[in-house]
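Keep in mind it's a predicted model, so treat the numbers as computed, not measured. Residue numbers count from 1 along this sequence.
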Amino acid sequence: MAANAVESEWKVELLANLKNYDEIFIAALTKDVDAHTRSMLQIVEVVGPSLTSPEVSARQEALRVIVGVVDSLKRDTLEEIEVARLTDFFVNRLQDQQTLFGLTIKGLLALIHMKHFQGSSGVSILDNLATDGFVHSLTRQDRLNVYILFEMLVDRFGQDLEKMGSNSLMRYISVMDGEHEPRNLLIVFRTMVKIVSQFEIDPITETAFDVVACYFPIDFTPTVQEDVESKLKDTLVAGLRRCLTASPKFAKYCLPLILEKLQSDSNDAKEESILTFIALCESGPSVRTVVEEQITSLWISLRREVLTAPTDSIEDAAVKALTSLASLLASGPQLGVSSCDQFVTTVLNDTDQFLRKPELQLQYPTGKILKAVAMSSKAACDKIANIVLPLNVKLFMVQLRTEERLALMNVNALILQAMAAVGGMGNFEPDERTFVAAFYQSLLTETPQNMITCMAVSGLAEMLKLKGFLESDRIDQVCETFMNGMMDYENSGVVDEVTRFFSVAGRVLEEIYIYQKLIPRLLEYIQNREILPLPSRLIDLVQALLRTPRANRSPLFLAKLLDRIQFAEEKGPYVPTMKMYLDIIATYVEGIASTNEAEELYHIVLFPTFRKAIHAATSKEISGFQDIAVLQSLSRIYRWIISRLDHDTFKKLLAALDEMYLSGDTSYRHFTGRADNLGDKLLPSAFKPLEVMGRQTEPKRQTK
């Protein structure tokens, strides 16, 4: 009797909650279901009369309670049979009044999260959702929940939905077609990409494409600050672009759309069309045949957007598109003369007039076109370089105006950059390659130095990246020209380009050439200028060579620098000279790549010098080693070597320093020092790494 009374009381309380929805009661009810003291079937049975009531409000109240409980349950509470029955229950509710649709979708979303939800139930949901739903007239949030539900089913049960063939796509189209809310479109586009890329889309491929193509290009201007800050429009644009290129089967519909929008007066439409084409090309060989059919129209349109670009961003996009186009044509198996080779021939023929007629002022944008196509493959690059570089040199020689000469040099610079990027060497005859290199070298001695000289140096740097393009004798001659003239160049641009040339040399030339020939030769030039003004530009060249870490560096030249610093003499040489050589050593030391190299530099640089340097720095006698700039450079060298020493070498150094410390020679472990002696303050900072490393090597004291 008591149990019946409790049960009756529970039913009364549940029915009362239909009218006065109480979240506390719903939470208690959810707890009971999670604990399996109540079941969802019991709840549905109790509220059943309300679910079949002719009053919509009564049905809504009952459904709200059921959804409230299901939405709060743990993922593993419901068994498979319970999930299936509840799914059928909610699917049947889809046929009810539109005002109940939002709650029904919320309930289905909760069920899909359940551990025991089955893919077959997902198929049932999609069938009824598209047939009996009122999606287009729902509120924005309810429509969003429908799209979320669709995406969850695709993500969790793709294999089950795949069995539906193109029906799954048709269901989705019927749900999302006509959506206009920007935030909803984010998930609409995302889910469309997943469906199109995973499921069969024939025979409704064109329909699917048209449904998303109607949004192209995105015409949306955010007005809410939150949308502006979150870059909602950019995200929408990118999402739609992925939709239009989600399947290779879209290509034959996408290309005509792209070409149509490229004729638009809207710059946004043009730019987005080009970016969409780039994305389409990324689909690979599967879309090549379709692209080949439109190659002439694409070339005309993209060429126009580079030569007469309305904006810089459109020009940049068109240049990238040309590279993508040529790369696509070069991809996959080729029969006979490749379509890429044919395209390169067309490009060369159509742009030849722009190079030969400077009055058109289209040489530089033409160079961008040629570089873009050359970047697509080594074969394309070789073909373009073989024709364009010698042609431009010959055209340069007959031009008198500086502007036209610069334009031609700029074109060659772009081609050389492409060659360096793809490893192209051109199919040059030896005399043609010599002709081009000699021409560039001849420009170095022209006076006064100007932009053409800068371009010549830059071009030689690009040639240096191409292994074997410049003969070793020519490299010697060019380097000697630079070293001999560096201190006298009046044009700062030329100075910068020469420094960049030596930086490239440090990366690409053989170590033996750098360390046994270039650096010693530079040091000879520097040694002859050890008085003011110091040869700072030559020092920059040495440092440019040393900044790139190399596997087989040679430290032999350091001994000569240490001699010039005169560590054996406590006063040292002229202070600026000391610092000059110390900075060169520091640049080399900062390239330490291993503990073995650190140990080698410990024996060559640190161990032979640190005792003398510390004595001189802490001496009462005035010394160059007490100058703050010199001390900072010394500390920089010592600190870098010490921090990379192995344990054994470090212990040797620590012992040597401890010996000096105990005999009163140095206060390296103290960072106060004498107020009147900078050496006593600054030089010990070089040994700061020893504090940490020392503590790590000290044996632990045994406690009694």
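The number of heavy-atom neighbours closer than 6.0 Å to CG of Asp265, taken from other residues, nucleotides and ligands shown, is 12 or below. Counted within 6.0 Å of CG on Asp312, heavy atoms from surrounding residues, nucleotides or ligands total 12 or fewer; the atom is thus considered open. Counted within 6.0 Å of CD on Gln361, heavy atoms from surrounding residues, nucleotides or ligands total 12 or fewer; the atom is thus considered open.
Annotation: side chain of Phe199 is not in contact with side chain of Leu169 (no heavy-atom distance under 4.5 Å). You'll find the side chain of Val495 stays beyond 4.5 Å of the side chain of Glu490, heavy atoms only. Residues Phe250 and Thr245 fail the side-chain proximity criterion, which asks for heavy atoms closer than 4.5 Å. Within the 4.5 Å cutoff, side-chain heavy atoms of Leu348 are placed close to those of Leu370. At a threshold of 4.5 Å between non-hydrogen side-chain atoms, the residues Ile519 and Leu546 count as touching. In this structure, the side chains of Leu355 and Thr366 come closer than 4.5 Å at one or more pairs of heavy atoms. Side-chain contact check for Val498 versus Leu541: some heavy-atom pair is nearer than 4.5 Å. Asn412 is not listed as a side-chain neighbour of Phe439, based on a closest heavy-atom distance of 4.5 Å or more.
With Tyr147 as the partner, the side chain to side chain contact (heavy atoms under 4.5 Å, CB included) test is satisfied by one option alone out of Val188, Leu186, Leu185: Val188. Among Leu444, Thr481, Thr499, the one residue that satisfies the side chain to side chain contact (heavy atoms under 4.5 Å, CB included) test with Val457 is Leu444.
Look at Arg500 and Asp496 and you find no salt bridge, because none of the NZ, NE, NH1 or NH2 atoms lies under 4.0 Å from a carboxylate O. Comment: Glu200 engages Lys249 in a salt bridge, judged by a side-chain N to carboxylate O separation of less than 4.0 angstrom. Here Glu181 does not pair with Arg143 in a salt bridge; the nearest charged N to carboxylate O distance is not below 4.0 Å. Between Arg356 and Asp352 there is a salt bridge, since at least one side-chain N of the basic residue sits less than 4.0 Å from a carboxylate O of the acidic one. With respect to the salt-bridge test (charged N to carboxylate O, under 4.0 angstrom), the residues Lys194 and Glu151 qualify.
Here the CZ atom belonging to Arg405 is positioned 4.0 Å from the CZ atom belonging to Phe396, to the nearest 0.5 angstrom. Rounded to the nearest 0.5 Å, atoms OH (Tyr364) and CG (Leu414) are 5.0 Å apart. How far CG of Leu244 is from CG of Leu280: 9.5 Å, rounded to the nearest 0.5 Å. Interatomic distance, Lys270 NZ to Ser313 OG, rounded to the nearest 0.5 Å: 11.5 Å. Rounded to the nearest 0.5 angstrom, Glu404 CD and Gln363 CD are separated by 6.5 Å.
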Side chain to side chain contact (heavy atoms under 4.5 Å, CB included) between Leu538 and Phe482, intermediate numbers included:
CA-CA 9 Å; Leu538 293 173; Phe482 289 150; over 6 Å; no
From CA spacing to verdict: side chain to side chain contact (heavy atoms under 4.5 Å, CB included), Ile148, Met152:
CA-CA 6 Å; Ile148 292 173; Met152 287 177 59; 4.0 Å; yes
May I have the step-by-step check of side chain to side chain contact (heavy atoms under 4.5 Å, CB included) for Leu389 and Ile415, ending in yes or no?
CA-CA 8 Å; Leu389 288 181; Ile415 303 302; 4.2 Å; yes
Run the numbers on Lys371 and Gln417 for side chain to side chain contact (heavy atoms under 4.5 Å, CB included), then give the verdict.
CA-CA 8 Å; Lys371 178 186 177 183; Gln417 290 167 16; 2.9 Å; yes
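Side-chain N or O atoms of Asn349 include one that pairs as donor or acceptor with a backbone N or O of Thr345 at under 3.5 Å. Using modelled atom types, one side-chain atom of Arg550 and one backbone atom of Gly506 make a donor-acceptor pair closer than 3.5 Å. Under the 3.5 Å distance criterion, the side-chain polar atoms of His136 are matched with a main-chain donor or acceptor of Ser174. Arg553 places a side-chain N or O within donor-acceptor distance of the main-chain N or O of Tyr588, the cut-off being under 3.5 Å. Proximity of a side-chain donor or acceptor of Arg537 to a complementary backbone N or O of Met486 within less than 3.5 Å is detected. Listed for the Asn410 side chain is a donor-acceptor partner under 3.5 Å among the backbone atoms of Leu406. Remark: side-chain polar atoms of Thr587 are paired, donor with acceptor, to backbone N or O of Asp583 under 3.5 angstrom.
The nearest pair of heavy atoms linking Tyr215 to Met176 is OH-O, 4.1 Å. The two atoms that bring Pro358 and Gln399 nearest to each other are CG-NE2, 3.6 Å, heavy atoms only. Between Ser458 and Glu497, the closest heavy-atom pair is CB-OE1, 3.5 Å. When all heavy atoms are compared, the tightest approach of Asn267 to Pro310 is OD1-CG, 3.5 Å. For the pair Phe189 and Leu240, the tightest heavy-atom approach, listed with the atom from each and the gap, is CD1-N, 3.7 Å. Contact detail for Tyr440 and Ala456: the closest heavy-atom pair is CD2-O, 3.6 Å.
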Check: residues 252-264 side-chain donor-acceptor pairs under 3.5 Å, at least two apart:
unit_1	atom_1	unit_2	atom_2	d
Ser264	OG	Ser266	N	2.9

Under 3.5 Å, side-chain donor or acceptor atoms of residues 204-213 against the rest of the protein: list the pairs with distances, not counting sequence neighbours.
unit_1	atom_1	unit_2	atom_2	d
Thr205	OG1	Ile201	O	3.4
Thr205	OG1	Asp202	OD1	2.7

Report, one line per pair, each donor and acceptor closer than 3.5 Å where one atom sits in a side chain of residues 466-479; sequence neighbours left out.
unit_1	atom_1	unit_2	atom_2	d
Glu471	OE1	Arg474	NE	3.3
Glu471	OE2	Thr434	OG1	3.3
Arg474	NH1	Gln441	OE1	2.6
Asp476	OD1	Tyr513	OH	2.4
Asp476	OD2	Lys517	NZ	3.0
Gln477	OE1	Gln441	NE2	2.9

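For the 3.5 Å distance criterion, the side chains of Thr276 and Glu272 qualify, holding a donor opposite an acceptor.
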